[in-house]
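Only one structure is covered here, and it is reproduced in the block below.
Chain naming here is simple, since letters A, B, ... match the order of the sequence lines and numbering starts at 1 in each.
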Amino acid sequence: MILELDHIFKDYPQGKLTVPVLKDVSLQVEEGDYIAIMGPSGSGKTTLMNLIGCLDVPTSGTYILAGKNIAKQNENQMAEIRNRYIGFVFQTFNLLPKLSAQDNVALPLLYAGVGKRERRERAAEALRKVGLGDRLNFRSNQLSGGQCQRVAIARAMVGNPTILLADEPTGALDTKSGEQVMEIFRQLNEEGVTIIMITHEPDIAMHAKKLYHIRDGVLTGPEDRSEDD
Amino acid sequence: MFENISLAFQGIWGHKMRSALTMLGIIIGIAAIISIVSTIKGTNEQIKQNLIGAGNNAVEVQLYQGDESYEFSWNAIPKGVPVLDETRREELAAIENVEDASLYTYRSYADNVFYQNTAFNGYVYGIDMHYFSVYGYYVQWGRNFVERDFTEHKKVVIIDQTVMSTLYPNGVNPVGTCLEIAGSPFTVIGIVDQKSSFEPVIKNMDDYNMYRTDSNGKIFIPGESWCIPYQFDEPQNAVLKAKDTDSMTNVGKAASDLMNGSLNVARGSNITYKSEDLLKQAKDLQDLSNSTNQQLIWIASISLLVGGIGVMNIMLVSVTERTREIGLKKAIGAKKSRILWQFLTEAAVLTSLGGLLGVGGGILMASVISRIAKTPTAISVPASVIAVVFSMVIGVVFGLFPAVKAANLNPIEALRHE
Ligand SMILES: Nc1ncnc2c1ncn2[C@@H]1O[C@H](COP(=O)(O)OP(=O)(O)O)[C@@H](O)[C@H]1O
Ligand SMILES: [Mg+2]
């Protein structure tokens with residue numbers, strides 16, 4: 001078991017009230033899983049992602065990631081856990097516009113304390129893996145949306161994290177670029193990377209092995225669909 | 001660290017116009033301070049030179065009654081003030097940091113010296129073998145005193161440049177002519193000039209009164225011949241050549257102590273040897289000019305404060321603009337401290353750069369001021385270094401708040417920021 005959410009609740013204060021966003025969410029993910037979580041807008045997908053990604057802590061419930069109780073970690077430890085175990089892919093890529101593709105990809109290694117030369121080599125290697133070996137020095141404004149997302153995937157994977165967290169990774173892409181991204185995900189999963197992907201497009205969710213639904217903060221599933229293919 | 005700095009430079013270069021405007025306050029403040037400090041330093045050095053002379057380092061010890069120098073021109077020799085001998089002179093010369101010492105007697109505004117029908121209205125000195133070397137005189141024409149001139153009480157006289165030009169008509173060679181000193185004829189044997197005859201820089205009436213030297217000229221006779229025109233051997237004053245300007249004060253104290261030890265004057269007569277502490281006079285004058293300039297520095301510091309606030313303002317804007325960047329960096333594992341350092345470094349690099357430009361501008365300004373106002377300036381290296389370091393500190397101080405703000409951003413909210 002790489003991660004386990006146990007009776008997680010997450011409330012957000014809204015004025016004087018607190019609004020429950022996640023209600024009693026439990027989820028167990030095995031190493032090598034490929035999970036898609038579907039749900040309408042505002043259902044709590046991103047909130048769940050932030051919790052899994054150790055960017056936030058639950059209001060109640062326990063979250064164990066790689067044997068560590070996340071609620072008991074301090075800010076710096078959380079940063080280390082994110083750096084080491086998790087790769088993020090966002091809907092809007094979040095590349096730094098002033099840096100080249102290579103420097104963007106190398107960034108997580110900087111925070112991991114890797115030396116400059118090794119950072120550059122590993123970043124180049126990660127970019128080659130997503131088919132952008134010839135775009136090392138391009139900036140995000142010189143790349144298409146699909147290429148940007150591939151740079152972002154390279155950045156997520158450069159530190160060899162155990163889990164890839166993707167929040168609507170194809171939301172801003174055309175169908176063809178979306179399919180390319182899904183192909184990369186499939187390869188990564190084959191290599192053993194655990195993938196948790198959030199989407200509201202059924203076509204995209206089809207690529208995952210397990211499918212969960214979230215509605216008003218309540219998680220249901222899994223529908224095991226690994227045999228359907 | 002090095003990477004942070006190079007990133008900071010990229011950031012500054014990426015926003016050239018904005019960075020320049022941000023630095024402007026720092027540049028102006030530092031430039032103002034550097035130019036003021038340079039002017040102060042220049043003025044101070046000039047004051048010191050005006051008073052002490054360039055490189056002469058001559059310390060004079062004279063007899064005083066109370067605060068008035070005691071001159072034998074119109075005073076009787078007081079009881080208990082001895083004529084000093086060679087042993088005393090050697091003791092004086094042996095004082096620490098003293099290179100040479102000389103004993104001499106003098107008359108100011110002598111009114112009984114004539115060349116033919118022309119009266120001479122300057123100083124008459126009775127000197128020893130060391131006097132010329134202490135004051136840096138050298139013989140221009142004729143000859144210097146020799147041993148026998150002293151031991152045999154020769155009636156010979158050496159004149160300086162001023163006397164030659166005022167007393168002798170064009171073309172007359174003074175050497176061999178006769179000067180009548182208080183009724184006694186003395187033969188002119190040489191003309192001396194001073195090696196580093198230092199001309200004080202006079203800019204106004206105050207300067208003139210402060211630095212005025214008598215331009216009537218000086219004539220010198222052997223000390224041993226003093227009693228011929230003036231009837232008595234008189235107690236001497238002393239002049240000592242200090243090793244350097246800074247030791248002048250101590251040399252003066254030691255010498256006057258030593259000479260006072262030989263005094264045997266009546267109680268309450270108030271007669272003592274004192275050295276004129278030129279260094280202290282110079283310092284007093286410098287303090288005066290410093291205190292006025294200090295106020296200018298305070299004013300310039302306000303501009304630095306304004307510059308610092310400007311830096312803070314721009315850094316806050318920068319943090320807001322880069323909220324998403326900060327959020328992303330935190331999400332992929334950047335710790336708080338790293339974000340803090342990133343912004344602190346950027347602020348410090350920005351202001352240090354401003355400080356450097358300010359020092360350059362200040363030096364330029366100082367040289368322009370010195371051109372226009374005809375005041376001297378001297379670049380102070382320590383002040384320039386301090387100025388740059390200080391600008392860096394301003395960057396750190398005023399960059400701290402924005403940097404802390406950036407470091408404390410919540411990554412989720414930061415990533416959501418538009
Ligand atoms: N920081 C927050 N403060 C208050 N309410 C929030 C916050 N983040 C999310 N919410 C609320 O929680 C709900 C779920 O949001 P989110 O997880 O972003 O949904 P999704 O990603 O599924 O569209 C929404 O109603 C949203 O308004
Ligand atoms: Mg969302």
Atom CZ in A/F90, atom CG in B/L328: separation rounded to 0.5 Å? 5.5 Å
Interatomic distance, B/I332 atom CD1 to A/R155 atom CZ [nearest 0.5 angstrom]: 5.5 Å
Checking heavy atoms, do the side chain of [X], its backbone, both or neither come under 4.5 Å from chain B?
| X | answer |
| --- | --- |
| A/L55 | both |
| A/R84 | neither |
| A/N94 | both |

Closest non-hydrogen atom pair between A/N50 and B/I412, with its separation: ND2-CG2, 3.3 Å
Can you name the nearest heavy-atom pair linking B/A334 to A/A79, along with the distance? O-CB, 4.1 Å
Would you say [atom1] of [X] has more than 12 non-hydrogen atoms from neighbouring residues, nucleotides or ligands within 6.0 angstrom?
| X | atom1 | value |
| --- | --- | --- |
| A/K72 | NZ | no |
| A/Y63 | OH | yes |
| A/D216 | CG | no |
| A/K129 | NZ | no |
| B/R18 | CZ | yes |
| B/F401 | CZ | no |
| B/M392 | CE | no |

Identify whether the distance between the nearest side-chain nitrogen and carboxylate oxygen of A/E80 and B/K335 falls below 4.0 Å. yes
Say whether A/T92 and B/R324, considering side chains only, have a donor N or O and an acceptor N or O under 3.5 Å apart. yes
Please tell me if the side chains of A/E75 and B/K330 come closer than 4.5 Å, counting only heavy atoms from C-beta onward. yes
Any residue of residues 26-38 of chain B which, by heavy atoms, sits under 4.5 Å from chain A: none
Chain B contacts: which residues in residues 106-122 of chain A have a non-hydrogen atom closer than 4.5 Å to it? A/L107, A/P108, A/L110, A/Y111, A/R119
Checking B/R416 against A/T46 for the side chain to side chain contact (heavy atoms under 4.5 Å, CB included) test, could you report, in this order, the C-alpha distance in whole Å, the side-chain angles of both residues, the deciding distance, and whether it holds? CA-CA 11 Å; B/R416 230 205 307 237; A/T46 299; over 6 Å; no
